[in-house]
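Take a look at the structure set out below.
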Amino acid sequence: MIIDCHGHYTTAPKALEAWRLKQIAAVNDGTTLPLVSELRISDDDIRETIEANQLRMMRERGHDLTVFSPRAIFMAHHVGDFGVSSTWAAICNEMCHRVSQLFPDNFVPAAMLPQSPGVDPATCIPELERCVREYGAVAVNLNPDPAGGFWNSPPLSDRHWYPLYEKLVEYDLPAMIHVSQSCNACFHTTGAHYLNGDTTAFMQCLDSDLFRDFPTLKFIIPHGGGAVPYHWGRFRGLAQALKKPLLEEHLLNNVFFDTCVYHQPGIDLLTKVIPIDNILFASEMIGAVRGIDPDTGYHFDDTRRYINAAEIEPEARFKIFEGNARRVYSRLDAHLKRQGR
């Protein structure tokens, strides 16, 4: 199978964005928030957006299944208070669940958490539990910077996050560490903030003993790990200077990287530097980079081509495309086995 572990509902019906804009306007103006009941999106609306976009491209590229979560930039946890974030997360998670129900062979949901700056992450647990029990979510997206580019939350290694980690371990849910919209003009959202977030999350884990406390906690760092593979020697040296174990022992039983890297040299570097067991196929298709590469004539985010062209063994290719995802996402593996796959 070709399992894409990093998909977002970037093509959701326009009514979803229109409702969100009303919510944001009400927050800014101090007026009455829109009711959830005012948002009406039919199954046909959802089918139209998926069939014309993600599903069409999955078929063209030969992808079998996508782990599907709400649009990352839309999470915007900095907007309003916890109540606003909670309502918005519930709406977006239901949308991804509906996609998975309409297209059960092609999509499985991952949950957005209702984070809010300065709010105890334990407040996210009820939504996490609901998404697992009612929607069959196989992962969550965890934003290490709910402030949107100002980084005023404690590092991921801080006990601030521990109640949430305890629940992730209980459900054996991996967390994709994914920032959202940047409100800081210094950091372009997808070109800087996303990659900064990936690199920062890795270093926060390195400069801690988090996985000594949570030996079965699993993080996926997207976008190829940001700067991590390119500066692997720097991180090895920092671990040594900090008197930490070798990175293979210190982090790589718990930290994994996806293949949302949009050119062949980048994927070649990733597969040479990072152990194959720690790489999961992903494309973030119809995401931050949607154009066609003039050097190849193919979409930048057609990442399957890069894996196929990489100088790796067939067993390594199997692990990247399917085996590692089924191992890291245990609930996904169970879901597929129930489907006879």
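Note on Val255 and Val228: same hydrophobic cluster, where clusters join Ile, Leu, Val, Met, Phe, Trp and Tyr whose side-chain heavy atoms are under 4.5 Å apart, directly or indirectly. In the hydrophobic clustering of this structure, Met95 groups with Phe103; members are Ile, Leu, Val, Met, Phe, Trp, Tyr whose side-chain heavy atoms approach within less than 4.5 Å, directly or through other members. Residues Leu252 and Leu210 share a hydrophobic cluster, clusters being chains of Ile/Leu/Val/Met/Phe/Trp/Tyr side chains in contact below 4.5 Å. Hydrophobic clustering, with ILVMFWY side chains joined whenever heavy atoms are under 4.5 angstrom apart, groups Tyr230 together with Leu206.
Annotation for Glu48: atom CD does not count as buried by contact number, only 12 or fewer foreign heavy atoms lying within 6.0 Å. Environment of CD in Glu313: sparse, with no more than 12 heavy atoms of neighbouring residues, nucleotides or ligands closer than 6.0 Å. The number of heavy-atom neighbours closer than 6.0 Å to CZ of Arg236, taken from other residues, nucleotides and ligands shown, is 12 or below. Surrounding CZ of Arg56 are more than 12 heavy atoms belonging to other residues, nucleotides or ligands, all under 6.0 Å away. Atom CD of Gln339 has more than 12 heavy atoms from other residues, nucleotides or ligands within 6.0 Å. Atom CD of Glu60 has more than 12 heavy atoms from other residues, nucleotides or ligands within 6.0 Å.
Of the inter-residue distances, the one linking Ser153 atom OG with Gln115 atom CD reads 8.0 Å to the nearest 0.5 angstrom. Note that CZ of Phe107 and CG of Leu55 are 5.5 Å apart. Values are rounded to the nearest 0.5 Å. The CD atom of Gln264 sits 8.0 Å away from atom CD1 of Ile307, with the distance rounded to the nearest 0.5 Å. Rounding to the nearest 0.5 Å gives a distance of 11.5 Å between CD1 of Ile320 and CG of Asp258. To the nearest 0.5 angstrom, Ile221 atom CD1 is 8.5 Å from Thr199 atom OG1. Distance check: Asp293 CG to His263 NE2 gives 10.0 Å after rounding to the nearest 0.5 Å.
The minimum heavy-atom distance linking Ser283 with Asp301 is given by the pair CB-O, 3.5 Å. Shortest non-hydrogen contact noted between Leu195 and Gly191 is CD1-O, 3.7 Å. Of all heavy-atom pairs between Phe187 and Ser182, the closest is O-OG, 2.8 Å. Contact detail for Ala282 and His6: the closest heavy-atom pair is CB-CB, 3.4 Å. Counting all heavy atoms, side chain and backbone alike, Asp43 lies closest to Arg98 at OD1-NH2, 2.9 Å. Scanning all heavy atoms of the two residues, the minimum distance from His77 to Ser85 falls at CD2-OG, 3.6 Å.
Between the side chain of Asn53 and the backbone N or O of Thr49 there is at least one donor-acceptor pair closer than 3.5 Å. Under a 3.5 Å cut-off, the side chain of Asn196 and the backbone N or O of Ala192 do form a donor-acceptor pair. The backbone N or O of Thr31 lies less than 3.5 Å from no partner atom in the side chain of Asp29, so there is not a single donor-acceptor pair. Side chain of Asn184 to backbone of Phe150: no donor-acceptor contact under 3.5 angstrom is found. For Ser100 (side chain) and His97 (main-chain N/O), a donor-acceptor pair under 3.5 Å exists by modelled atom type. Checking side-chain atoms of Asn324 against main-chain N and O of Leu280 turns up no donor-acceptor pair under 3.5 Å. Of the possible polar contacts, none joining the Thr259 side chain to the Ile267 backbone as a donor-acceptor pair under 3.5 Å is found. In terms of modelled atom types and a separation under 3.5 Å, the side chain of Arg61 and the main chain of Arg304 share no donor-acceptor contact. Here the side chain of Trp19 pairs a donor or acceptor atom with the backbone of Leu35 at under 3.5 angstrom. Judged by distance alone, with hydrogens and angles left aside, the side-chain atoms of Asp120 form no donor-acceptor pair with the main-chain N or O of Thr123 at under 3.5 Å.
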Problem - His63 and Phe281: CA distance, side-chain angles, deciding distance, ring pair (Phe, Tyr, Trp, His ring centres under 6.0 Å) verdict - result: CA-CA 10 Å; His63 300 186; Phe281 177 70; 5.2 Å; yes
Practice task
Please lay out, stage by stage, how Gln54 and Thr11 fare under the test side-chain hydrogen bond (donor to acceptor under 3.5 Å, both in side chains).
Solution key: CA-CA 8 Å; Gln54 280 86 356; Thr11 61; 2.8 Å; yes
Exercise for the section: Determine, stepwise, if the pair Glu170 / Lys167 fulfils salt bridge (charged side-chain N to carboxylate O under 4.0 Å, His left out). Expected result: CA-CA 5 Å; Glu170 177 185 339; Lys167 190 58 62 173; 2.9 Å; yes
Exercise for the section: Mind running ring pair (Phe, Tyr, Trp, His ring centres under 6.0 Å) on Phe219 and Tyr165 for me, showing each step along the way? Expected result: CA-CA 10 Å; Phe219 286 165; Tyr165 296 161; 5.7 Å; yes
Problem - Residue pair Gln181, His193: steps toward the side-chain hydrogen bond (donor to acceptor under 3.5 Å, both in side chains) verdict - result: CA-CA 8 Å; Gln181 183 177 349; His193 186 45; over 6 Å; no
Practice task
Let me see the working for Asp45 and Ser42 under side-chain hydrogen bond (donor to acceptor under 3.5 Å, both in side chains), right down to the final yes or no.
Solution key: CA-CA 5 Å; Asp45 293 334; Ser42 70; 3.1 Å; yes
Practice task
Let me see the working for Phe68 and Tyr9 under ring pair (Phe, Tyr, Trp, His ring centres under 6.0 Å), right down to the final yes or no.
Solution key: CA-CA 7 Å; Phe68 209 49; Tyr9 199 177; 5.4 Å; yes
Problem - Tyr194 and His178: CA distance, side-chain angles, deciding distance, ring pair (Phe, Tyr, Trp, His ring centres under 6.0 Å) verdict - result: CA-CA 7 Å; Tyr194 279 19; His178 205 309; 4.9 Å; yes
Practice task
Report the C-alpha separation of Lys244 and Asp209 in whole Å, then their side-chain angles, then the decisive distance to 0.1 Å, and conclude whether the salt bridge (charged side-chain N to carboxylate O under 4.0 Å, His left out) test is met.
Solution key: CA-CA 9 Å; Lys244 301 297 182 184; Asp209 296 307; 3.3 Å; yes
Exercise for the section: Show the numbers, then the answer: is there a salt bridge (charged side-chain N to carboxylate O under 4.0 Å, His left out) between Asp172 and Lys218? Expected result: CA-CA 8 Å; Asp172 198 19; Lys218 291 174 284 190; 3.1 Å; yes
Practice task
Check step by step if salt bridge (charged side-chain N to carboxylate O under 4.0 Å, His left out) holds for Lys319 and Asp277.
Solution key: CA-CA 7 Å; Lys319 287 182 176 182; Asp277 285 346; 2.8 Å; yes
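Considering only heavy atoms from C-beta on, Arg326 comes within 4.5 Å of Lys337 through its side chain. Using a 4.5 Å heavy-atom threshold, the side chains of Tyr135 and Asn93 count as touching. Between Cys260 and Pro222, the closest side-chain pair of non-hydrogen atoms is not below 4.5 Å.
Paired with Ile3 under the rule side-chain contact (heavy atoms from CB on, under 4.5 Å), one option of Val108, Asp64, Leu332 passes, and it is Leu332.
The aromatic rings of Phe202 and Trp232 sit tilted relative to each other, their planes meeting at an angle between 30° and 60°. Below 30°, between 30° and 60°, or above 60°: for Trp88 and Phe74 the angle between ring planes is between 30° and 60°, a tilted geometry.
Under the 6.0 Å cut-off for aromatic ring centres, His299 and Tyr262 do not qualify, their centroids lying 6.0 Å or more apart.
Geometrically, Arg305 engages Tyr298 in a cation-pi contact defined by less than 6.0 Å to the ring centre and at most 45° from the axis.
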